[in-house]
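Notes to accompany the following structure.
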Amino acid sequence: MNPDRRYSDDEVARIIERATEAQESERSSLPSPKGMTLAELQEIGREVGISADQIARAAAAVDRGVDQSPSARFLGARIGVGRTVYLDRRLTDSEWHRLVVDLRETFDAKGTVREEGAFRQWTNGNLQALLEPTDSGERLRLRTVKGDARASMGIGATMLAMVPVMLVVSAITGGLGQPGALEVPFLLTALGGFFYGSGRLRLPRWAATRELQMEGIAARLAASIETAPAPEDDDPRGALPS
């Protein structure tokens, strides 16, 4: 095929017609609007390099009404993790208290409990669990940010950004050729790379751990609601110490 060939108007029309027919044929081979089974999703996942276990976990999260919240990013790296769990009814006070216990045990942190009307939350530094009312029930938003990694990466990036500025200034003032002129830029480069790298390299493992913890909390909460339908909630507020 000659890429420089020019097609006539008639040939252009026939090319468009054939391409349209091919596109419609491909569409007809896709799964029906009725949806896809988990096995079909896993087969597609294998074709694009996603394991069957990952597909199953994602499907289970969808079944539980769990969405992945937008992740906070810093200097191109994901430094935040979040999950949103949609509940079809309001949690009773006792269910909320058990959820707080689960949060404390999962994250190994006492945290602080606050309640403001229909809004309830458990926080421990950057780690937050927010329970909010919706039209059909409630939603639990779990989110956290790796603050120390952001600080380390910020320090490292600042040091690295100073290096070219110092070199340009040294070149303008004629000091670039002096003995030891590159010692400070070299030191800043090394330190900047260390701080930035130490912060960023910790993020993948941290994010994977937090995601698994949040998925576990969502699964246990869904299971507890399914196995124990909510009675009328007569529990007094504030039974759980903050």
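What you are looking at is a predicted structure, and each value in this text was computed from that prediction instead of being measured. Residues: numbered from 1 along the sequence shown.
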Review point. Which residues satisfy the side chain to side chain donor-acceptor pair (under 3.5 Å) test with Q128, sequence neighbours excluded?
Key: R143

**Study point:** Electrostatic pair R78:E211 at N-O distance under 4.0 angstrom
**Key:** yes

Review point. Got R139 and L131 here, is their nearest side-chain heavy-atom distance under 4.5 Å?
Key: no

Practice item. Please lay out, stage by stage, how R89 and E138 fare under the test salt bridge (Lys or Arg N to Asp or Glu O under 4.0 Å). Key: CA-CA 6 Å; R89 64 170 174 82; E138 285 186 314; over 6 Å; no

Exercise for review: Enumerate the residue pairs fulfilling side-chain hydrogen bond (donor to acceptor under 3.5 Å, both in side chains) with a member in residues 151-164, sequence neighbours excluded, ordered by first and then second residue.
Suggested key: S152-S198

Review point. What do the steps show when you test L203 against I79 for side chain to side chain contact (heavy atoms under 4.5 Å, CB included), and what is the final call?
Key: CA-CA 7 Å; L203 289 173; I79 62 170; 3.8 Å; yes

Practice item. Could you list the residues that satisfy side chain to side chain contact (heavy atoms under 4.5 Å, CB included) with A109, not counting sequence neighbours? Key: W122, N124

Point to revise | Residue list, side chain to side chain contact (heavy atoms under 4.5 Å, CB included) with P133, at least two apart or on another chain | key: A118, F119

**Study point:** salt bridge (charged side-chain N to carboxylate O under 4.0 Å, His left out) pairs, two or more places apart, involving residues 154-173
**Key:** none

Check your understanding: When rounded to the nearest 0.5 angstrom, what distance separates OG1 in T134 from CD in E132?
Key -> 9.5 Å

Point to revise | Whether Q121 side chain and E115 backbone form a donor-acceptor pair below 3.5 Å | key: no

Point to revise | Electrostatic pair R220:E215 at N-O distance under 4.0 angstrom | key: no

Practice item. Would you please name every residue forming a side chain to side chain donor-acceptor pair (under 3.5 Å) with Q213, sequence neighbours left out? Key: R210

Check your understanding: Within a strict 4.5 Å, meaning less than it, do heavy atoms of the V101 and W96 side chains meet?
Key -> no

Check your understanding: Could you give all pairs that pass the salt bridge (charged side-chain N to carboxylate O under 4.0 Å, His left out) test and reach residues 144-158, with sequence neighbours left out?
Key -> K146-D148, D148-R202

Review point. Looking only at heavy atoms, what is the nearest atom pair of K110 and R104, with distance?
Key: O-NE, 2.7 Å

Point to revise | Side chain T106, main chain L103, donor-acceptor under 3.5 Å | key: no

Review point. What residues form a side chain to side chain contact (heavy atoms under 4.5 Å, CB included) with L188, not counting sequence neighbours?
Key: M159, M162, V163, M166, V184

Check your understanding: Restricting to pairs with a member in residues 187-196, which pass side-chain hydrogen bond (donor to acceptor under 3.5 Å, both in side chains), not counting sequence neighbours?
Key -> Y196-R200

Revision key, fill the gap. With sequence neighbours left out, the residues meeting salt bridge (Lys or Arg N to Asp or Glu O under 4.0 Å) with E105 are none

Check your understanding: With E183, which residues qualify under side chain to side chain donor-acceptor pair (under 3.5 Å), at least two apart?
Key -> none

Exercise for review: Determine, step by step, whether R98 and D93 satisfy the salt bridge (Lys or Arg N to Asp or Glu O under 4.0 Å) criterion, reporting the C-alpha distance in whole Å, the side-chain angles of both residues, the deciding distance to 0.1 Å, and the verdict.
Suggested key: CA-CA 9 Å; R98 288 195 295 270; D93 286 343; over 6 Å; no

